[in-house]
Amino acid sequence: MKIEYFGHSAFQITSEEGMKILIDPFISGNPVCTTAVETMNPDVILVTHGHVDHFGDALEIANNSGATVIATHEIATFVQKQGLNAIGMNIGGTVSINELVSVTMTDARHSSGMDFLEDMEEGGVATGFVVTLESGKKIYHAGDTGLFGDMKMVIGDIYQPDISLLPIGDKFTMGIEDAAIAASWLQSRIVIPMHYNTFEAIEQDANLFAKFVEDESIGTFTVILQPGEEYEEE
Ligand code: NI
Ligand code: MN
């Protein structure tokens with residue numbers, strides 16, 4: 001399986017059997033993204049919340065690829081109204097993509113208005129996702145969020161993700177200190193920082209985050225990806 005990073009919070013997971021799961025596809029408006037929207041061909045698109053730096057090019061990519069969008073009931077209803085396929089769900093629920101790959105929606109502490117619409121419509125609550133692959137491997141994308149206790153009690157202790165993608169940019173989400181605490185609670189093998197260095201307002205030192213993780217966690221390794229890079233494992 002591999003995880004490609006497009007900058008900001010945009011990732012594509014390719015499962016062991018080749019299923020492509022695109023998350024928060026902020027591509028064309030993303031100043032650090034080097035990938036063209038036209039080249040993207042996912043099977044499903046997960047959107048964590050309604051903000052434009054996460055919803056991004058979801059409609060265009062869904063239209064081009066035929067991919068189904070998975071998001072809150074509110075965002076999914078909006079996507080369906082545009083004539084595209086979407087599955088609405090909510091926190092705590094799990095949706096099967098096929099017999100072996102599933103997506104669980106998690107809590108996040110953030111807002112979710114669809115700010116790209118002229119009259120900002122409600123996108124429901126902000127969320128994260130735990131993606132379970134064919135091998136049973138679990139990848140947690142935290143979305144935009146502050147630190148919250150259920151990262152330990154629910155996501156860490158119950159879901160036990162192998163790999164966690166965590167925002168570190170501060171201002172709109174956790175900064176590096178809280179994100180390092182989140183990493184210690186989640187106890188994933190790998191953490192990958194996201195939502196930083198896209199804009200001046202969220203400039204952060206990912207190496208300092210990695211050092212905090214090393215200080216606070218045992219058995220967790222930080223993988224820092226640049227936009228366009230990928231992380232791969234068996
Ligand atoms: Ni946001
Ligand atoms: Mn954001």
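Each ligand, and each atom within it, is numbered from 1 in the order the structure gives.
Residues Lys2 and Glu233 are not paired through a salt bridge, judged by the lack of any N-O separation under 4.0 Å between the basic side chain and the carboxylate.
The Mn ion (ligand 2) has an N, O or S atom of His195 inside 2.8 Å of it. Here His51 does not reach the Mn ion (ligand 2): none of its N/O/S atoms is less than 2.8 Å from the metal.
Looking only at distances, a side-chain donor or acceptor of His141 sits under 3.5 Å from a matching main-chain atom of Gly143.
Side-chain polar atoms of Ser28 and Asp57 form a donor-acceptor pair below 3.5 angstrom. Looking only at atom types and distance, the side chain of Thr48 has a donor-acceptor partner in the side chain of Asp24 under 3.5 Å away.
Protein-derived N/O/S atoms nearer than 2.8 Å to the Ni ion (ligand 1) total 4, waters excluded.
Residues Asn98 and Met19 form a side-chain contact, since some pair of their non-hydrogen atoms from C-beta on lies under 4.5 Å apart. When side chains are defined from C-beta on, Tyr140 counts as touching Met151, because their heavy atoms get closer than 4.5 Å.
Not less than 6.0 angstrom separates the ring centroid of His8 from the ring centroid of Tyr196.
Within Asp144, the N/O/S atom positioned nearest the Mn ion (ligand 2) carries the name OD2.
Here the angle at the Mn ion (ligand 2) defined by OD2 in Asp53 and NE2 in His54 stands at 90°, rounded to 10 degrees.
For the side chain to side chain donor-acceptor pair (under 3.5 Å) with His49, the lone residue among Thr72, Thr127, Asp144 that qualifies is Asp144.
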